[in-house]
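A quick note: this is a predicted structure, and the numbers were derived from the prediction, not measured. Residue numbering restarts at 1 for every chain, and letters A, B, ... go by the order of the sequence lines.
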Amino acid sequence: MKIHEYQAKRLMQERGIAVPDGRVATTPDEAVAAVRPLIESSGVPVVVVKSQIHAGGRGKGRFQEHPDLGGVTVVTDGVSGGPEATEAKVRALAERMLGSTLVTVQTGPSGKTVRRLYVEQGIAIAQELYLAVVLDRASGRNLLMASTEGGTEIEEVAEATPEKILRETIDPAVGLADFQARRLALGLGLSGDALANAVRFMKSLAAFARDMDTDLIEINPLVVTEAGDVLALDGKVAFDANALPRHPELAELRDETEEDPAEREASAYGLSFIKLDGTIGCLVNGAGLAMATMDTIKQVGGEPANFLDVGGGATTENVTAAFKIITRDPAVKGIFVNIFGGIMKCDTIAEGVVAAVREVGLEVPLVVRLEGTNVELGKKILEESGLDVLTASDMKDGAAKIVEAAR
Amino acid sequence: MSVLVGTETRLLVQGLGSAGRFHTDRAIAYGTNVVAGVHPRKGGTKLRFEGDVDASGVPGRGARFEVDLPMFETVRDAVAATGANASVVYVPPLGAADAILEAADAGIELVVCITEGIPVQDMVVVKRALQGTGTRLIGPNCPGVITPHACKIGIMPGYIHEGGRIGVVSRSGTLTYEAVKQLTDAGLGQTTAIGIGGDPVNGTDFVDALELFARDPETEGVILIGEIGGTAEEEAAAWIAEHLDKPVAGFIAGTTAPPGKRMGHAGAIVSGGKGTADAKIAALEGAGVVVARTPSDMGAAMQEALRVAGRA
């Protein structure tokens with residue numbers, strides 16, 4: 001589960017991780033109201049107005065409605081014009097940004113609507129760094145990654161100058177040790193107060209990752225101020241969905257407007273669904289088989305309209321919901337149900353499909369391939385239903401049949 | 001012969017909710033020697049399983065089975081009373097890591113965790129805790145392990161399996177069934193089929209499983225089924241090139257998966273240009289593995305690998 005930057009920073013602040021002061025705003029008035037308290041507390045006549053969407057690349061992104069305007073703007077009008085000038089500029093920016101569509105490298109061409117802004121105090125930056133906590137699958141442990149190339153996408157750094165990425169693997173029985181944090185901070189060229197502050201920052205961040213079950217924490221940039229303070233200027237946090245039941249306080253941070261409606265509905269039914277661009281709807285059990293079904297459809301000349309794994313514990317009701325989500329997509333010209341029952345029983349799938357077709361009808365060809373647990377029972381249910389179903393002997397046969405039928 | 005499990009396996013079950021009970025029933029019907037169940041509030045009771053035996057399982061049994069499975073409060077009690085040497089975990093996600101740790105603490109040699117949806121940080125702790133112990137973990141989020149006609153641990157349908165010459169190791173449950181069925185249909189059969197699971201942090205990995213199959217004299221060839229995400233397939237390819245003189249076939253799911261999208265399994269994601277199917281296929285082919293282009297061709301790929309090695 002992803003959250004917004006302002007939410008991530010609030011969570012970090014609660015755990016003693018240094019972030020700049022800021023206020024969230026959903027209207028131009030709220031944005032303007034944030035200006036004076038921020039300037040008074042920081043003593044710096046500069047604020048930053050940041051679009052809050054679940055995608056990176058906001059600074060370089062542009063609004064569809066205002067091609068000259070980026071998703072993050074530093075307001076320096078107050079340096080010569082005083083707080084009134086800052087407020088006027090923030091109002092003008094907020095009026096243009098709120099409700100407009102921001103397109104970044106990560107949003108896709110359709111962009112995302114900006115519904116919230118984060119107004120933050122300006123920081124006198126001496127140095128921009130990169131810091132992240134990610135899972136290292138090879139060791140099965142969390143990994144703290146740091147680089148001097150703050151502000152740059154880490155993939156680009158890994159490509160161009162991999163030696164600039166420093167790593168420390170965290171032993172879960174120990175946590176991030178002081179010497180490890182020190183080694184990283186020294187590797188980044190820090191000294192004096194900045195070194196001590198960076199060590200404290202890293203240790204708190206590693207503990208945050210463990211305690212809050214994050215999938216990813218990325219601080220880019222992590223900034224060092226001229227006074228030697230170390231702060232998260234940006235903060236991207238994603239949580240492990242499997243661990244959310246033990247963090248009930250995170251439920252309210254979920255922003256459903258940022259999620260695809262079909263994917264959201266699917267997840268409510270315990271389905272794993274991802275919308276794709278093709279015409280063949282797929283209903284499959286098992287993630288590996290679902291991926292392989294997409295691959296096979298492509299190999300026989302079709303394009304999958306979705307990835308859909310009904311999972312092992314699906315009920316007839318879940319299967320019916322899955323079928324409806326697929327048929328609702330107007331791009332779908334044919335449906336391929338591919339089941340190899342193990343924990344999933346073929347009769348459950350067959351009942352779900354029959355119930356869905358009875359309820360919403362069937363306007364496109366349907367190919368069903370059943371194998372595994374209770375296969376005979378499943379086939380019997382389909383036969384006795386009288387539905388117009390094509391059957392397939394194996395996956396390749398089924399994929400070929402549905403691609404042909406959908407032409 | 002076989003690896004990991006056989007007629008000597010004495011299985012206990014942790015987690016006897018509806019799924020755990022259903023698959024325990026199927027395992028007993030197959031002929032698996034299930035000796036105990038563990039439930040903290042049902043110690044001292046017995047759980048009855050009865051029905052028709054699964055004819056595809058252990059041979060030489062009657063037509064019906066009746067088992068009164070003794071229940072224990074702790075794994076340690078169950079081991080002391082029954083001599084269990086393997087455990088299968090069906091405990092729900094937030095309790096599953098603790099169940100694995102309890103089995104390891106009781107000295108269980110083989111723990112097979114079926115549970116899907118365990119938090120990653122829990123598995124980070126489990127993996128660390130199992131280091132240096134005598135416990136081997138299979139999974140989590142896996143179909144389990146089966147040696148045909150001897151022992152079935154997990155959720156796989158028994159009837160598709162047939163004893164034979166090929167070791168199966170897979171990250172995906174349902175694709176394991178595809179491979180197994182094709183090996184059975186091709187008359188090759190299986191020595192043992194191991195599902196290692198689709199999570200980013202798991203117990204036994206591809207290389208561990210390949211080592212087991214390399215040492216098993218009955219295993220003449222191995223089929224390896226991977227998917228996008230991580231580098232486990234690349235590590236397996238390097239090990240195969242260096243150490244394995246048995247023919248290997250493979251399949252990688254996710255050629256068409258878009259980057260940045262998690263394809264169901266927590267571990268199946270292409271990110272930062274890493275973990276693509278193409279890179280994995282290239283690594284395996286570089287190690288001499290015959291890689292099937294579609295999952296319907298896995299059996300044929302195994303036959304081809306055996307033919308190339310002169311063992312068809």
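Contact check for B:V124 versus A:L135: side-chain heavy atoms found under the 4.5 Å cut-off. Between A:L289 and B:Y177 there is no side-chain heavy-atom pair separated by less than 4.5 Å. Looking at B:I228 and A:M291, their side chains come closer than 4.5 Å, going by heavy atoms from C-beta outward. For the pair B:F22/A:K345, a side-chain contact is recorded, criterion being any heavy-atom separation below 4.5 Å from C-beta on. Side chains of B:Y159 and A:T373 form no contact here, defined as non-hydrogen atoms less than 4.5 Å apart. Side-chain contact check for B:L94 versus A:R246: some heavy-atom pair is nearer than 4.5 Å.
Put simply, of A:P172, A:P304, A:S139, the one with the most heavy-atom pairs under 4.5 Å next to chain B is A:P172. Contact count versus chain B (heavy atoms, under 4.5 Å) is highest, among A:D309, A:L308, A:I274, for A:I274. Across B:D122, B:I114, B:I160, B:T231, the residue that shares the most heavy-atom pairs under 4.5 angstrom with chain A is B:D122. Listed options A:A290, A:P245, A:G140 were ranked by heavy-atom pairs under 4.5 angstrom with chain B; first place goes to A:G140. Between chain A and the options B:K181, B:R171, B:E227, B:R128, the largest number of non-hydrogen pairs under 4.5 Å is found for B:R128. Listed options B:R293, B:E116, B:Q182 were ranked by heavy-atom pairs under 4.5 angstrom with chain A; first place goes to B:R293. Heavy-atom pairs under 4.5 Å with chain B were tallied for A:A209, A:A138, A:G311, A:G341; the largest tally goes to A:G341. Per-residue heavy-atom pair counts under 4.5 Å with chain A were compared for B:A19, B:G226, B:S172, and the maximum is reached by B:S172. Among B:A129, B:S18, B:P157, B:G198, the residue making the largest number of heavy-atom pairs under 4.5 Å with chain A is B:P157.
Shortest non-hydrogen contact noted between A:N242 and B:P119 is O-CG, 3.7 Å. Between B:E178 and A:F340, the closest heavy-atom pair is OE2-CD1, 3.5 Å. Of all heavy-atom pairs spanning B:V120 and A:D240, the tightest one is N-OD2, 2.8 Å.
Within the 4.5 angstrom heavy-atom criterion, only side-chain atoms of B:D297, from C-beta onward, approach chain A. Using a 4.5 Å cut-off between heavy atoms, B:I118 touches chain A through its backbone atoms (N, CA, C, O) alone. In this structure, chain B has a heavy atom under 4.5 Å from the side chain of A:K298, while its backbone stays farther away. Interface remark: A:N374 contributes no atoms to any contact with chain B (heavy atom separation under 4.5 Å). Both the backbone and the side chain of A:N285 come within less than 4.5 Å of a heavy atom of chain B. Within the 4.5 angstrom heavy-atom criterion, only side-chain atoms of A:E263, from C-beta onward, approach chain B. Proximity to chain B (any heavy atom under 4.5 Å) is restricted, for A:T296, to the side chain, taken from C-beta onward. Both the backbone and the side chain of B:P200 have a heavy atom closer than 4.5 Å to some heavy atom of chain A. Of the two parts of A:K275, neither the backbone nor the side chain holds a non-hydrogen atom closer than 4.5 Å to a non-hydrogen atom of chain B. In this structure, chain B has no heavy atom under 4.5 Å from any part of A:I339. No part of A:T293 comes within reach of chain B, as not one of its non-hydrogen atoms sits under 4.5 angstrom from that chain. Neither the backbone nor the side chain of A:V300 comes within contact range of chain B; no heavy atoms are under 4.5 Å apart. Heavy atoms of A:A292 lying under 4.5 Å from chain B belong to its backbone as well as its side chain. For B:Q131, the part lying near chain A is the side chain, with the backbone staying farther off; criterion is any non-hydrogen pair under 4.5 Å. Looking at A:E371, the atoms closer than 4.5 Å to chain B (heavy atoms on both sides) sit in the backbone and in the side chain alike. Only the side chain of B:S296 has a heavy atom closer than 4.5 Å to any heavy atom of chain A. For A:D397, no part lies near chain B; criterion is any non-hydrogen pair under 4.5 Å.
In this structure, OG1 in B:T255 is found 6.5 Å from CD in A:Q299, a value given to the nearest 0.5 Å. Atom CG of residue A:D211 and atom CD of residue B:Q121 lie 9.5 Å apart, to the nearest 0.5 angstrom.
More than 12 non-hydrogen atoms from other residues, nucleotides or ligands lie less than 6.0 angstrom from CD of B:E285.
In this structure, A:D295 contributes its side chain and B:G254 its backbone to a donor-acceptor pair below 3.5 Å.
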